[in-house]
Structure formats: C-alpha cells, structure tokens
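Below you'll find the structure, written out as structure tokens, and then a few comments.
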Amino acid sequence: MDELLFEILKLIVIIATALVTRYLVPALKRNLELSENKLVKELLNTAVRFAEITFQNPGGGEEKKDFVINYIRQQLSEKHISITEEQLDSLIEAAVYTMNYECSPNVIVEEQKEETL
C-alpha cells in the first residue's frame with residue numbers, strides 16, 4: 001500500500017513539474033521581458049526629455065544623444081539588462097519622435113476654397 005501511495009505521489013510531482021515548466025515559466029519570462037521593455041522605454045523618455053531641457057545649445061544633437069546613451073547604458077548595466085547599439089539607437093529616435101510629436105502644437109491645415117465668378 002505504501003509503495004502504491006509513493007508511486008501516485010511521485011507521478012503527481014512529475015505532472016506538476018511538467019505543467020509548471022510548460023506554462024508558468026514561459027509566462028513569467030514574458031512578463032519579465034515586458035516589464036524590462038517598459039522600464040527601458042520609461043528611462044529613454046526621461047533621458048531624452050532631460051537632455052532636451054538641459055542642452056539647449058543649437059546644433060547640440062550629438063551632445064544630447066551622447067548624454068542619453070551614457071545615461072541609459074549606466075542605468076541598464078545597474079539593472080543587468082543588455083541591449084544592442086542598434087536597438088538603443090532606434091529606441092532613442094523613437095523617443096525623440098514621440099517627444100517632438102507630443103510637444104508640437106497641433107497644426108490645422110484649412111483647405112482654401114476657390115471662388116468662382
């Protein structure tokens with residue numbers, strides 16, 4: 001009787017381990033990746049806005065970008081998050097575009113009506 005109970009318990013543990021490995025681990029990994037992506041975007045948006053306010057000299061785009069790159073690299077290394085140079089460049093451009101889009105006044109273009117005689 002004890003052997004049968006032990007075998008049933010062993011089978012339950014094996015099935016539970018398989019289910020956790022199959023469903024729970026990938027779900028946790030996805031959530032971690034999503035939270036890391038969200039963190040990177042928030043850090044980038046903050047750094048880009050800070051650079052825009054701090055470095056107001058004309059033609060200082062490279063200086064701003066260098067600041068953002070250094071700041072993001074430092075923050076990500078502290079949090080053990082790795083990102084490629086191409087990804088970082090694309091994300092910086094997206095953050096700058098978003099900032100410019102949000103800060104620009106809405107431009108309303110009115111169509112000119114032709115007057116006929």
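Nothing fancy with the numbering, it's 1 onward along the sequence. The model shown is predicted, which means the values in this text are computed figures rather than measured ones.
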Nearest-0.5 Å distance that lies between atom CG in L9 and atom CD1 in I14: 10.0 Å

Run the side-chain contact (heavy atoms from CB on, under 4.5 Å) test on E85 and R73 for me, step by step, so that the C-alpha distance in whole Å, both residues' side-chain angles and the decisive distance to 0.1 Å come before the verdict. CA-CA 10 Å; E85 201 66 38; R73 287 278 178 216; 3.0 Å; yes

Would you kindly confirm whether I81 and V68 end up in one hydrophobic cluster when ILVMFWY residues are joined by side chain heavy atoms under 4.5 Å apart? yes

Could you give me the CA-CA distance, side-chain angles and deciding distance for L44 and I92, then say whether side-chain contact (heavy atoms from CB on, under 4.5 Å) is met? CA-CA 7 Å; L44 271 166; I92 290 171; 3.5 Å; yes

Non-hydrogen atoms of K79 and L39 that approach each other most closely: CD-CD2, 3.4 Å

Separation between CG of L76 and OH of Y71, rounded to the nearest 0.5 Å: 9.5 Å

Distance (rounded to the nearest 0.5 Å) between T17 OG1 and R22 CZ: 15.5 Å

Closest non-hydrogen atom pair, K64 against F55: CE-O, 2.8 Å

Any chance you could measure L91, atom CG, to L43, atom CG, to the nearest 0.5 Å? 11.0 Å

Going through the distances and angles, do D89 and K65 end up as a side-chain contact (heavy atoms from CB on, under 4.5 Å)? CA-CA 9 Å; D89 192 48; K65 190 171 184 178; 2.3 Å; yes

What are the two closest heavy atoms between I83 and Q87, and how far apart are they? CG1-OE1, 3.3 Å

For residues F67 and A47, report the shortest heavy-atom separation together with the two atoms involved. CE2-O, 4.0 Å

According to a hydrophobic-cluster definition based on side-chain heavy atoms being under 4.5 Å apart (Ile, Leu, Val, Met, Phe, Trp, Tyr only), do L4 and I12 belong together? yes

Mark yes when over 12 heavy atoms from residues, nucleotides or ligands other than E3 sit less than 6.0 Å from its CD; otherwise mark no. no

N/O donor-acceptor pair under 3.5 Å between S77 side chain and Q74 backbone: yes

